[in-house]
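Reckoned from all heavy atoms, side chains included, excluding hydrogens, waters and symmetry mates.
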Amino acid sequence: MSDITKVAVLGTGVLGSQIAFQTAYSGFDVTAYDISEDALEQARERFAILVETYVKEVPDASGGKASEARGRIVLVGDLGAAVADADLVIEAAPEVLEIKQALYEKLASLAPDRTIFATNSSTLLPSDLKAFTGRPDRFLALHFANSIWKFNTAEVMGTDDTDPAVFDALIAFASAIGMVPIPMRKEKAGYVLNSLLVPFLNAAADLAAGGYADPHDVDKVWQIATGAPLGPFQIYDMIGLNTPYNILSHGDEHARSLAAWLKENYIDKGKLGIASGEGFYSYKPAD
């Protein structure tokens with residue numbers, strides 16, 4: 001059960017690309033899948049940036065180890081080819097229930113029977129997806145924090161159907177790729193991290209969207225008063241605005257109003273966060 005050597009990561013966005021790279025950096029063979037050549041080209045750029053980031057920020061990444069990690073990642077645009085020989089599939093698709101359900105319906109017939117499926121969903125319960133996997137006993141959630149080479153938690157959460165041996169295998173895998181496993185004893189949307197983080201970010205968005213305070217001032221208050229290294233809008237930029245937008249747009253009326261505010265004022269203007277060079281802050285080099 002613990003013989004995980006080949007890993008497929010589905011989705012090469014901000015966090016998906018990090019999961020793929022960290023897994024390859026830890027010595028695993030990784031296939032990274034996305035739906036279009038444009039998305040795969042963006043993934044190539046993200047991996048190149050991650051090589052540089054690891055060299056700068058990870059103590060043992062010098063001497064070519066980061067470049068070697070990039071060499072263990074194969075990028076593909078064919079889902080069947082991505083999972084054909086995978087021991088573990090980590091799904092990092094957009095945070096939209098219907099998209100994830102449709103993906104698992106395809107995966108069920110494409111992956112080998114032995115393959116473990118793990119969702120990196122930030123807010124959805126694995127129970128929302130297990131019926132679509134074709135293998136509820138080999139399905140669970142494995143959730144990472146952004147900038148996983150620094151913030152190296154991995155929350156592991158199963159359902160009532162998850163085989164305990166599969167749960168233990170994912171705990172072991174998380175340790176093997178340099179994470180600190182956090183076992184979730186019961187299902188909870190948002191796990192530990194996002195149960196704390198999402199309400200915090202929503203409260204910040206409410207302050208700015210409601211015209212109570214500017215985003216930079218909200219960050220300033222939080223950092224000065226608590227000693228935190230980042231304010232909520234700096235965290236938004238680090239995560240990327242598309243993920244919180246997707247979560248908010250499927251919430252209640254007030255959440256949808258915050259999603260509309262994000263879309264109109266930032267996303268529609270190409271301000272997606274650090275990855276696009278601008279979000280609530282600019283990350284573009286000065287002229």
* Taking S282 for its side chain and E278 for its backbone only, find out whether a donor-acceptor pair lies under 3.5 Å. => no
* To do: State, to 0.1 Å, how close L193 and A145 come at their nearest heavy-atom pair, and which atoms those are.
  => CD2-CB, 3.8 Å
* Asked: Hey, are H254 and N202 close enough side-chain-wise for a donor-acceptor pair under 3.5 Å?
  -> no
* How far does CD of E91 sit from CZ of F117, to the nearest 0.5 angstrom? -> 10.5 Å
* With ring centroids as reference points, do F233 and Y281 lie under 6.0 angstrom apart? -> no
* Structure fact -> Rounding to 0.5 Å, atoms CG (N120) and CG (L10) come to a distance of 11.0 Å
* Asked: Any chance NZ of K65 has more than 12 other-residue heavy atoms, nucleotides or ligands included, within less than 6.0 Å?
  -> yes
* Non-hydrogen atoms of P244 and I239 that approach each other most closely -> CD-CG2, 4.1 Å
* side chain to side chain contact (heavy atoms under 4.5 Å, CB included) partner of N242, chosen from V14, L262, I267 -> I267
* **F21 side chain near V30 side chain, heavy-atom distance below 4.5 Å** => no
* **Backbone of R114 reached by a side-chain donor or acceptor of R138 within 3.5 Å** => yes
* To do: Using a cut-off of 6.0 Å, state whether more than 12 heavy atoms not belonging to E264 lie near its atom CD.
  => no
* To do: Report yes if the side chains of Y104 and F139 come closer than 4.5 Å at any heavy-atom pair, otherwise no.
  => yes
* Asked: What's the verdict on salt bridge (charged side-chain N to carboxylate O under 4.0 Å, His left out) for K6 and D87, showing C-alpha distance, side-chain angles and the deciding distance?
  -> CA-CA 5 Å; K6 296 182 179 180; D87 302 308; over 6 Å; no
* Near D252 CG, under 6.0 Å, is it more than 12 heavy atoms from other residues, nucleotides or ligands? -> yes
* Are the side chain of D128 and the backbone of L125 linked by a donor-acceptor contact shorter than 3.5 Å? -> yes
* Asked: Can we call the ring centroids of W222 and F200 under 6.0 Å apart?
  -> yes
* Are the charged groups of R256 and E253 less than 4.0 angstrom apart, N to O? -> no
* **Electrostatic pair D137-K130, nearest N-O below 4.0 angstrom** => no
* **Test item: L79 and L107 side chains (from C-beta on) under 4.5 Å apart, heavy atoms** => yes
* Structure fact -> For S122 and I247, the nearest pair of non-hydrogen atoms, with its separation, is CB-CD1, 4.5 Å
* Any side-chain heavy-atom pair from T115 and V83 closer than 4.5 angstrom? -> no
* Asked: Counting N and O atoms only, with roles assigned by atom type, does the side chain of S276 sit under 3.5 Å from a partner on the main chain of G270, one being a donor and the other an acceptor?
  -> yes
* Asked: Any side-chain heavy atom of L129 sitting closer than 4.5 Å to one from L97?
  -> yes
* Any Y54 side-chain heavy atom under 4.5 Å of Q22 side chain -> yes
* First locate atom CD of Q18, then atom OH of Y25, and finally report the distance between them rounded to the nearest 0.5 Å. => 14.5 Å
* **Shortest non-hydrogen contact from G13 toward D34** => N-OD2, 4.4 Å
* Using a 4.5 Å cut-off on heavy atoms from C-beta on, say whether the side chain of L142 contacts that of I116. => no
* Asked: So do the side chains of P136 and T159 get within less than 4.5 Å of each other, counting heavy atoms only?
  -> no
* Just wondering, more than 12 heavy atoms not from I35 lying within 6.0 Å of its CD1? -> no
* Between R46 and T12, is there a donor-acceptor pair closer than 3.5 Å when you use the side chain of the first and the backbone of the second? -> yes
* Under the criterion ring pair (Phe, Tyr, Trp, His ring centres under 6.0 Å), which of F167, F28, F144 is the partner of F173? -> F28
* To do: Measure across L258 and A209 and return the closest heavy-atom pair with its distance rounded to 0.1 Å.
  => CD2-CB, 3.8 Å
* CA sep, side-chain torsions, deciding dist, call: T243, E95, side chain to side chain donor-acceptor pair (under 3.5 Å) -> CA-CA 7 Å; T243 294; E95 196 72 353; over 6 Å; no
* Quick one: pull up OG1 in T162 and CG in D168 and give me the separation to the nearest 0.5 Å. => 11.5 Å
* **Basic-acidic side-chain contact under 4.0 Å: D29, R72** => no
* Asked: Can we call the ring centroids of Y266 and Y236 under 6.0 Å apart?
  -> no
* **Whether D219 side chain and Q234 backbone form a donor-acceptor pair below 3.5 Å** => yes
* Asked: For the residue pair M157 and E187, what are the closest heavy atoms and their distance?
  -> SD-CA, 3.5 Å
